[in-house]
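A quick write-up on the structure given underneath.
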Amino acid sequence: MKIDADWLRDPDAQAVCALLTDAGHQAWFVGGCVRNALLGATVADLDLCTDAHPETVMALAEAAGLRVVPTGIDHGTVTAISGGKPFEVTTFRHDVATDGRHAVVAFAGDMDTDARRRDFTMNALYAAPDGTIADPLGGLPDLHARRVRFINDAGQRIREDYLRILRFFRFHAWYGDPDAGIDAEGLAACADHIEGLAHLSRERIGHEMRRLLAAPDPAPAVASMAACGALAQVLPGANAAFLAVLVHVEQVAGLAPDWLRRLAMLGGETDRLRLTNAEARQLETLQTADGQTAGVLGYLYGLEMALSVLAIRAAASGVMMEKADPMQAEQGAAQVFPLNAADLMPALQGPALGAALKRAEEKWMASGFALTRAELLQDL
């Protein structure tokens, strides 16, 4: 079986493969690029693996005139840069020791050994430079069935890296068959090893949750997370009950998936997600900006945030957004308050000036932005 993908014809990708194969080594594309090509999904990164050790890969790349960076040389990974594009090249390897967060690896000489250390069967697929598929663990049937399944013993895979619990749900959200449901053996293994999530860094948890909640419809996966206890571990106090409703509201309203909007719908404590200050402020707005009209929301927070607030409000109340809301939010976002401080000076100064401007702005918003500058000044 072969795949036909544009990236297989990329001259820079082929150049990196050639520097390995011309020297008698193997070169295989692996993981996400192969999986997504077979699914017809977007391919973001091209990762390769080889039987050549990292020092050899670096020497071959430099001899070919490519820049090469030892990005993870202890784990067998170097990054070759061709045509300004990075290609991660990793030596076949197997885990010698793991603690649920980090692994000590040893290099291997064959693909089968390398495949057995990976997480899911659909990620243990390899493609030669000509597109020929290698499937050492029988992952193709799982991929075609959109079944996210751990390789061999699910519990063992999780104990090697507890982040795989969150990856299991994220991959189900993106690639799983929603009608078939989540893999029961994998879900049971996640439930049995929930305590391992406590050992993960906030950066790793936050990264996975962002990607999970950005899926077209993460609601079934998040519901499974809640059922097995994983959601309570990473987002204490979260309530997954309304997430499916929010996704439906988004789809009807034509809103693109937004992970922060979905996080606001879930609620809960976000300490384990390591949000940036800007994300934390936006989340607070999404969770507290209620009661204002669509136009006022657009004026105060901008169109995108206004639509998110309106979608959350609709999902929480179990109704669709009003048809006029998006247009009113857009109109509000375009408004400019007609007064400024200079209009009230020197009669007003300091706190009195600020208070007067605030009162005027509130009246202007309450009027539907109808009051003119002259009317506002007269009222003051």
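- The residues Arg9 and Asp6 are annotated as salt-bridged, a charged nitrogen and a carboxylate oxygen being separated by less than 4.0 angstrom.
- At distances below 3.5 Å, not a single donor-acceptor pair connects side-chain atoms of Arg373 with backbone N or O atoms of Leu339.
- Residue-environment remark: CD (Glu203) exceeds the threshold of 12 foreign heavy atoms within 6.0 Å.
- Across Arg118, Arg204, Arg167, a single residue satisfies salt bridge (Lys or Arg N to Asp or Glu O under 4.0 Å) together with Asp161, and that is Arg204.
- Annotation: Glu362, atom CD; neighbour count of heavy atoms from other residues, nucleotides and ligands within 6.0 Å is above 12.
- The backbone N or O of Ile205 sits nowhere less than 3.5 Å from a side-chain atom of Arg272 that would complete a donor-acceptor pair.
- Within 6.0 Å of CD in Glu330 there are 12 or fewer heavy atoms belonging to other residues, nucleotides or ligands.
- His207 contributes atom NE2, which lies 15.0 Å from atom CZ of Arg274 (distance to the nearest 0.5 angstrom).
- Looking only at distances, a side-chain donor or acceptor of Gln14 sits under 3.5 Å from a matching main-chain atom of Leu8.
- Considering all non-hydrogen atoms of both residues, Pro218 and Ala173 come closest at CA-CB, 4.1 Å.
- Val30 and Leu19 end up in different hydrophobic clusters when Ile, Leu, Val, Met, Phe, Trp and Tyr side chains are linked at under 4.5 Å.
- The two residues Ala289 and Tyr301 make their nearest non-hydrogen contact at CB-CE1, 3.6 Å.
- Shown here for Arg116 and Ile151, the closest heavy-atom pair between the two residues is O-CG2, 4.2 Å.
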Test side-chain contact (heavy atoms from CB on, under 4.5 Å) applied to His172 and Leu187, step by step: CA-CA 11 Å; His172 180 69; Leu187 183 62; over 6 Å; no
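- Proximity of Leu212 to Met225: side-chain heavy atoms (C-beta onward) are separated by under 4.5 Å at one or more points.
- A chain of hydrophobic side-chain contacts below 4.5 Å, direct or via other Ile, Leu, Val, Met, Phe, Trp or Tyr residues, connects Val234 to Phe171.
- The neighbour count for Glu62 CD, taken as heavy atoms of other residues, nucleotides or ligands under 6.0 Å away, is above 12.
- For the pair Arg261/Leu307, no side-chain contact is recorded, criterion being any heavy-atom separation below 4.5 Å from C-beta on.
- Defined by atom type and a distance below 3.5 Å, a donor-acceptor pair is present between the side-chain atoms of His193 and Arg159.
- The two atoms that bring Lys323 and Pro326 nearest to each other are O-CD, 3.4 Å, heavy atoms only.
- The aromatic ring centroids of Phe107 and Phe92 lie 6.0 Å or more from each other.
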task: Would you sort out whether Gln251 and Val247 count as a side-chain contact (heavy atoms from CB on, under 4.5 Å), showing the intermediate values?
output: CA-CA 6 Å; Gln251 292 170 346; Val247 172; 3.5 Å; yes
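- Closest heavy-atom contact between Gln282 and Met305: O-CE, 3.5 Å.
- Minimum heavy-atom separation, Pro141 to Asp135: CD-OD2, 4.2 Å.
- Listed for the Thr21 side chain is no donor-acceptor partner under 3.5 Å among the backbone atoms of Gln26.
- Relative orientation of the Trp7 and Phe29 rings is perpendicular, given thresholds of 30° and 60° on the angle between their planes.
- Ring geometry for Trp28 versus Tyr126: interplanar angle over 60°, hence perpendicular rather than tilted (30 to 60°).
- Counting only N and O atoms by type, the side chains of Tyr299 and Glu361 include a donor and acceptor under 3.5 Å apart.
- With hydrogens and angles left out, the side-chain atoms of Asn123 and Arg35 include a donor and acceptor closer than 3.5 Å.
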